[in-house]
Amino acid sequence: MIGIEGRPILTAAEMRAAEDAVIATGVSVETLMDRAGTAIAHAVRRLAGTNEVLILCGPGNNGGDGYVAARVLAGMGVAVRVAALSEPKTDAAKSARAGWPGPVETLAEAKPAPILVDALFGTGLTRPLDASTTPTPNRSPADAGAQLNPKGLPSGLSWAPASARERSVVECLHSLANAAQLSIAVDLPSGLATDTGEALSTPPVFNLTLALGAVKPAHLLQPAARYCGQIRLLDIGVPTHSQAEVLKAPSLPTPGPDSHKYTRGMVAIVAGSMSGASDLAALAAMRAGAGYVTLLGDSQGPPHALVRTPFSDHALANDRIGALVIGPGLGRDDTAKARLDAALTSGHPLIIDGDALRLLDPERIKALKVPVILTPHSGEFDALFGKSDADKITRARAAATRANAIVVFKGADTVIAAPDGRVRIAQGASDWLSTAGTGDVLAGAIGAMLAARLDPLDACAGVWLHSDAARRLGAAFIADDLAEALRSARAAP
C-alpha cells in the first residue's frame with residue numbers, strides 16, 4: 001500500500017486508456033485482474049489478522065478483482081467468504097469467478113464478518129444502485145429503513161436512497177459495513193461517481209479505500225471523499241501520467257548564512273474596512289516564513305515586527321515587494337475600488353482574495369502582466385466565473401485558463417489549477433477550518449510562498465501549510481491560532 005501524496009489523478013477514461021495501453025503490449029485483462037486481486041489480498045491480509053473476511057463482488061471487473069482476492073486470501077489460510085450481486089458479466093470476471101473454489105452467497109442473504117471488502121462497483125459507475133444489481137429483500141421499505149442505523153456517516157448526512165428498489169443494495173451494504181470491525185472499499189466505495197465526486201447513492205463511510213493503479217478524482221472531491229476513509233494506492237503494473245496530481249508536502253527554501261529579510265521575501269498586505277482580516281493575513285505571511293511584511297492601511301497593535309504604513313502610491317511603489325495580497329477585509333466601497341485599481345497597476349505579483357474577487361472580472365485579471373493567484377471560495381468563484389454544474393476540477397481549469405491565473409478553488413476539497421491545465425488537489429482538511437478568518441490566513445501564507453520566488457503554482461504550497469497547521473491544532477481553533485500554527489507547519493522537516 002502506497003501513500004497518495006504527489007500521485008497522478010486519473011479519470012475513469014484516463015485509467016481505461018492506461019490499462020488499454022498495457023493490454024496493447026500483450027498483457028491480458030485477466031493478468032491485470034490477477035495483479036489487482038493479488039494486491040488487494042495482500043493488503044487485506046495485513047489488516048485482517050486472523051479475522052474472517054467477507055468480500056462483496058459485483059458483476060463487472062471490480063467484482064472480478066474481488067473473486068481473485070478471495071482466492072488468494074484463501075490460499076494464504078484466511079477465512080474468507082464471497083457474496084455476489086449477480087453472476088459476472090465480463091469475460092475476465094467470469095474467469096475470476098471460475099477460479100474461486102468456494103461457495104457464493106447472495107448479497108441479500110450474506111451474514112456479516114469482522115472484515116468487509118466492497119468490490120461491488122468501482123470506477124465508472126454512472127447511475128445510482130438499482131434493481132438491475134440485486135433483488136429487493138423481503139421486507140417493506142418502512143421496515144428496511146427502521147432496521148438500518150448507518151454507522152460513521154459524517155455530521156449532517158443521512159442515509160436516503162433514491163427509491164425503494166435501490167434500497168436493497170444500499171441497505172445491505174450499510175448493514176454489513178455497520179457490523180464489520182473494518183470496512184475496505186476496492187477502488188471506490190460503491191455508489192460514487194468517479195470523475196465528479198458525486199454520491200449517486202449513499203454508501204457507508206469506509207475505513208479504507210484501496211485505489212487501483214491510480215488515484216481518482218472521487219477520492220478527493222466532495223461529497224465522495226468523505227466516504228472513502230483513508231486512501232492507499234495499490235500498484236497493478238499500469239504506468240500512469242496526468243496533469244492532475246495530489247498536493248504533496250512541499251520542499252521549501254530555508255534561510256542560509258547570506259540570507260536577509262528581503263531575500264526571504266517581502267509581502268505587502270492591503271488593508272481595508274475590516275482591519276482584522278488584513279491583520280490575520282499579515283500574521284500568516286510572517287509565520288509562513290516571509291522576511292518582511294508590511295501592512296498598507298489603517299491598523300495598529302502587535303506584532304511589533306509587522307511594519308504598518310499608511311496606504312499610498314509611494315508605499316505601493318516599493319520595488320522590493322515580492323507579493324502583494326489584496327482582498328482580506330478590503331470592503332466594496334469606493335476606497336476599496338481605488339486601492340484595488342492601484343494594486344492591479346502596481347506591477348507586483350498578486351494574491352487576490354475575498355472582497356477584491358467581487359470587484360473584478362476575469363478579463364481584467366487576464367490583462368495583467370504579472371503572476372496572479374486567485375483564492376475564491378465557492379460563492380466568490382460563482383460571482384467571478386459564473387455558476388456551473390460541471391465538476392470542480394473542470395471549473396477550476398476553465399477559470400484558470402480564462403483569467404490566465406492560478407486559481408485556488410477553496411473548500412473541503414481545494415482544487416488548484418494553472419492556465420496550462422496542471423491541477424493539484426489537496427487531501428481533505430480539518431472540518432474545523434470552517435470558521436471566520438481562515439481564508440485570510442491562507443492568503444497570507446500563499447503570499448509568503450510567492451514572495452519567496454516560488455513558481456506561482458508551487459507557491460500554493462501555502463494550501464498544504466494551512467491544512468497541516470489546522471491538523472496540528474486539533475479542534476475548536478480560531479483563525480488567530482491557525483496563523484500562529486503556521487510556524488510549526490513551516491518548520492516541519
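Quick note: numbers below take in every heavy atom, side chains included, and nothing from hydrogens, waters or symmetry partners. Position 1 is the first residue of the sequence, and the numbers go up from there.
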**Request:** Determine whether the side chains of E171 and H174 contain a donor N or O and an acceptor N or O closer than 3.5 Å.
**Result:** no
**Prompt:** Does a donor on one side chain sit under 3.5 Å from an acceptor on the other, for S190 and D118?
**Reply:** yes
**Asked** In terms of side-chain geometry, is the basic nitrogen of R339 or D333 positioned less than 4.0 Å from the acidic oxygen of its partner?
**Response** no
**Prompt:** Got a salt bridge between D458 and R424, using NZ or NE/NH1/NH2 to carboxylate O under 4.0 Å?
**Reply:** yes
Around atom [atom1] of [X], are there more than 12 heavy atoms from other residues, nucleotides or ligands closer than 6.0 Å?
{"X": "D420", "atom1": "CG", "answer": "yes"}
{"X": "R472", "atom1": "CZ", "answer": "yes"}
{"X": "H260", "atom1": "NE2", "answer": "yes"}
{"X": "M1", "atom1": "CE", "answer": "yes"}
{"X": "R364", "atom1": "CZ", "answer": "yes"}
{"X": "D455", "atom1": "CG", "answer": "yes"}
{"X": "Q230", "atom1": "CD", "answer": "no"}

Do [X] side-chain atoms and [Y] backbone N/O form a donor-acceptor pair below 3.5 Å?
{"X": "S430", "Y": "A470", "value": "no"}
{"X": "R490", "Y": "A288", "value": "yes"}
{"X": "S201", "Y": "P128", "value": "no"}
{"X": "H348", "Y": "L316", "value": "yes"}
{"X": "T414", "Y": "A426", "value": "no"}
{"X": "H219", "Y": "A224", "value": "no"}
{"X": "R397", "Y": "G421", "value": "yes"}
{"X": "K216", "Y": "A214", "value": "yes"}
{"X": "S259", "Y": "G256", "value": "yes"}
{"X": "E484", "Y": "D481", "value": "no"}

Report the distance from atom [atom1] of [X] to atom [atom2] of [Y], rounding to the nearest 0.5 Å.
{"X": "T126", "Y": "L200", "atom1": "OG1", "atom2": "CG", "result": "7.5 Å"}
{"X": "L116", "Y": "N51", "atom1": "CG", "atom2": "CG", "result": "12.5 Å"}
{"X": "T375", "Y": "L357", "atom1": "OG1", "atom2": "CG", "result": "6.0 Å"}
{"X": "H466", "Y": "L486", "atom1": "NE2", "atom2": "CG", "result": "7.0 Å"}
{"X": "D480", "Y": "L283", "atom1": "CG", "atom2": "CG", "result": "7.5 Å"}
{"X": "E245", "Y": "H241", "atom1": "CD", "atom2": "NE2", "result": "13.0 Å"}

Would you indicate whether the side-chain heavy atoms of [Y] and [X] approach each other to under 4.5 Å?
{"X": "T196", "Y": "L221", "result": "no"}
{"X": "L330", "Y": "V270", "result": "yes"}
{"X": "V117", "Y": "L210", "result": "no"}
{"X": "I9", "Y": "V423", "result": "no"}
{"X": "L120", "Y": "L129", "result": "no"}
{"X": "T123", "Y": "L10", "result": "no"}
{"X": "T240", "Y": "R7", "result": "no"}
{"X": "V415", "Y": "R395", "result": "no"}

**Item:** Partner set under salt bridge (charged side-chain N to carboxylate O under 4.0 Å, His left out) for R332, not counting sequence neighbours
**Value:** D355
Of all heavy-atom pairs between [X] and [Y], which one has the smallest distance, and what is that distance?
{"X": "P112", "Y": "A179", "result": "CB-CB, 3.4 Å"}
{"X": "G462", "Y": "I446", "result": "CA-CG1, 4.1 Å"}
{"X": "P189", "Y": "Y227", "result": "CG-O, 3.6 Å"}
{"X": "D353", "Y": "P328", "result": "OD2-CG, 3.7 Å"}
{"X": "L192", "Y": "C228", "result": "CD1-SG, 4.3 Å"}
{"X": "L324", "Y": "S346", "result": "CD2-OG, 3.7 Å"}

**Request:** Please test T263 against D258 for side-chain contact (heavy atoms from CB on, under 4.5 Å), starting from the C-alpha separation and ending with a verdict.
**Result:** CA-CA 9 Å; T263 60; D258 298 326; over 6 Å; no
**Prompt:** Between V205 and R226, does a side-chain contact (heavy atoms from CB on, under 4.5 Å) hold up when you go through it step by step?
**Reply:** CA-CA 7 Å; V205 176; R226 70 188 65 178; 5.8 Å; no
Distance-only donor-acceptor hits, side chain of residues 383-393, under 3.5 Å, sequence neighbours excluded:
residue, atom, partner, partner atom, Å
S388, OG, A390, N, 3.0
D391, OD1, I393, N, 3.0
D391, OD1, T394, N, 2.9
D391, OD1, T394, OG1, 3.3
D391, OD2, T394, OG1, 2.7
K392, NZ, K410, O, 3.1
K392, NZ, D413, O, 3.1
K392, NZ, D413, OD1, 2.8

**Prompt:** Stepwise, does the side-chain contact (heavy atoms from CB on, under 4.5 Å) test hold for I269 with L306?
**Reply:** CA-CA 11 Å; I269 316 284; L306 175 60; over 6 Å; no
**Asked** Does the pair R402 and D361 meet the rule for a salt bridge (Lys or Arg N to Asp or Glu O under 4.0 Å), with working shown?
**Response** CA-CA 10 Å; R402 183 177 171 189; D361 60 71; over 6 Å; no
**Request:** Would you sort out whether L47 and I115 count as a side-chain contact (heavy atoms from CB on, under 4.5 Å), showing the intermediate values?
**Result:** CA-CA 9 Å; L47 299 169; I115 310 298; over 6 Å; no
